[in-house]
Amino acid sequence: MSKKSRIILITALALVFVLAFVGCQSYGQKPITGGDASAKVESNGGSIVKQGDYYYFVNGLNAYANIKVPKDNYFGSIIKGSIVRAKQNADGKFEDYQIIVPKMVLSSTTEVGFSIYGEWIYYVSPSIATDKLGAVQTTYLEYLRTKIDGSKTQSLAIIEGQSTTYSFTAEGMFYFKDSKLHGIAVDNKKVGKDVVLAEDVASVNLPKITTYTPNATTNANFAFYLTKSANEEMTNNVLMAVDVNNNKKTIIDEKTFQPTETIDKALAYTISIKKIDYEADGVVVYYDKTSTVFGESRNLGLFAYKFADSAFAFDKAKEVQISSKSYSSIYPISLAEGAFVTDKTVVEFVKNENGKLINKKPFDSTKSITDKDYYYSFPANITILNIDSGVMLYSVNSIVSKIKFDLTKDEMFVTDAEQIAPNEKYDATFVSLEYINGYIYYFNTNYYNYMSRMKIDTYDASDSKKLLIENMVDLNKTVTKADLKSIKDAEKKK
């Protein structure tokens, strides 16, 4: 079969799936009062999103295996795994629980969940399309959007693969598959076509816009990707930016780091994007850089560049080197304030301070510098959740911990390291562990994988009774009958 024939066959199969999907379920739902489309959005792109005074969250972690027939994921039939909205009252408690998206929200990526932009909720759900034998094709995922009052739903795409890299912006959706970057543009009324924005893409960093202010001017809606140079004699790669409307910018190419305007073919630079960070006054790209001279490569370390607008003009004189080394992960405070970096058991603080590279290792403040092991050892492979006011929250092996740090000295002094509720376990097979305003939100494996939250900012290990854990459910609305029975049976046994 020719390549063209295969493409036609795949397209035809996808069309059959869409027709089966549309013909077997209804998205009709009466508008639900509440919500605030004009409000600022926080914690966008995860398992819980705050829009104004309202919190929208994935109501528990469901499973692909629970979709045995199409109706098992019909819009309107789902409680567990749906998107629920609740409002936080004056004393911090949640009230007025409403199921806004009665459909299972799930994928196999841990990087991104759902997003809210204005009056639309963008999310992903296992497909209910069937093959010719009637088997549900949950290896395909459907990407949809529903209004925040639940009154209207539109399908953006159906894509094969449970772990496809995807991202939502206020302008539409990106996804990356088979070395191709795709974009689907939307406006407030309709969904556009699936467009291939770039081919032969080596790597891509899709936007995850955690904070969204309606009608604000921003350059955050762009994806960044690396591709090979058009000049076949050069070994460097090229950094590009593109939005879902196919507005494309070349940022770094074979000319960028050359010492003169004449290209020296024996000298090439390659970069590897480590992190895209969104600050109030621009987008910051963090990247490793390598130079190659006559075939010999040398790692130059970690660099960063802030782009203030969507022109994405790169001035190498404004490039900022952060470290002479490379790391697995970077957690920026800001470009000006520095960043925490991790690599297996390494946790350090790095910063460019007026051209001087600062590197601070964790110093155990309970010990003397004359002690052999005065450096503090973090657990291996931690994930940093939040850095604020001298306190770091991190997770490892399904346990959340916090530690205080002081960066005012020559080293990073750390103290008061403690695990928080080590008996509380979370499921991270889908995106989990969100930090918002003093709370950690997570899928609680001790509570049937429904969403729970822990109050972190007042936690004191010496008084475990002060640890506030809330299960974010309304037993009359947002719990399945089977889970409700299990909850009541467990309460009777106490």
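Atom set for the values below is all heavy atoms of this structure, side chains included, hydrogens, waters and symmetry mates excluded. Residues: numbered from 1 along the sequence shown.
A donor-acceptor pair under 3.5 Å is absent between the side-chain atoms of Asp364 and the main chain of Tyr376, judged by distance alone. With hydrogens and angles disregarded, a donor-acceptor distance shorter than 3.5 Å links the side chain of Asp149 to the backbone of Ser151. A donor-acceptor pair under 3.5 Å links the side-chain atoms of Gln51 to the main chain of Gly118, judged by distance alone. Looking at Ser125, its side chain does come within 3.5 Å of a backbone N or O of Met104 through a donor-acceptor pair. Here the side chain of Lys103 pairs a donor or acceptor atom with the backbone of Asn73 at under 3.5 angstrom.
In this structure, Glu111 places its CD atom where only 12 or fewer heavy-atom neighbours from other residues, nucleotides or ligands lie under 6.0 Å away. Atom NZ of Lys318 has 12 or fewer heavy atoms from other residues, nucleotides or ligands within 6.0 Å. No more than 12 heavy atoms of other residues, nucleotides or ligands shown are found within 6.0 angstrom of CG on Asp410. Other residues, nucleotides and ligands contribute over 12 non-hydrogen atoms within 6.0 Å of the NZ atom of Lys477. Annotation for Lys404: atom NZ does not count as buried by contact number, only 12 or fewer foreign heavy atoms lying within 6.0 Å. Within a 6.0 Å radius of NZ in Lys344, no more than 12 heavy atoms belonging to other residues, nucleotides or ligands are found. For Asn397, the CG atom sits in a loose shell: 12 or fewer heavy atoms of surrounding residues, nucleotides or ligands are nearer than 6.0 Å.
Every residue meeting the side-chain contact (heavy atoms from CB on, under 4.5 Å) condition with Ser203, not counting sequence neighbours, appears here in chain and number order: Leu226. Among residues two or more places apart in sequence or in another chain, the side-chain contact (heavy atoms from CB on, under 4.5 Å) test is passed with Asp243 by Glu171, Phe222, Asn245, Asn247.
Ring centroids of Phe314 and Phe312 are separated by 6.0 Å or more, keeping the two rings apart. Proximity of the aromatic rings of Phe378 and Tyr394 is defined here by a centroid distance below 6.0 angstrom, and this criterion is met. Between Tyr374 and Phe363, the distance from one ring center to the other falls under 6.0 angstrom.
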Going by atom type alone, with no hydrogens or angles, which donor-acceptor pairs under 3.5 Å involve a side-chain atom of residues 210-218 and a protein atom two or more places apart or on another chain?
residue: Thr218; atom: OG1; partner: Ala220; partner atom: N; Å: 2.9

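Every pair tested for ring-ring contact (aromatic ring centres under 6.0 Å, His included) that includes a residue from residues 419-452 fails, sequence neighbours excluded, so the list is empty. Applying the ring-ring contact (aromatic ring centres under 6.0 Å, His included) definition to pairs two or more places apart or across chains, those involving residues 321-349 are Phe340-Phe349, Phe340-Phe405. Applying the ring-ring contact (aromatic ring centres under 6.0 Å, His included) definition to pairs two or more places apart or across chains, those involving residues 41-65 are Tyr55-Phe94.
With rounding to the nearest 0.5 Å, the separation of CD1 in Ile100 from CZ in Arg85 is 4.0 Å.
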For this session: Evaluate the salt bridge (Lys or Arg N to Asp or Glu O under 4.0 Å) criterion for residues Lys87 and Asp96: first the C-alpha distance (whole Å), next the side-chain angles of each, then the deciding distance (0.1 Å), finally the verdict.
Result: CA-CA 6 Å; Lys87 191 172 185 180; Asp96 191 24; over 6 Å; no
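Each of Leu206, Leu181, Ile184 was checked for a side-chain contact (heavy atoms from CB on, under 4.5 Å) with Tyr175, and the lone residue meeting it is Ile184.
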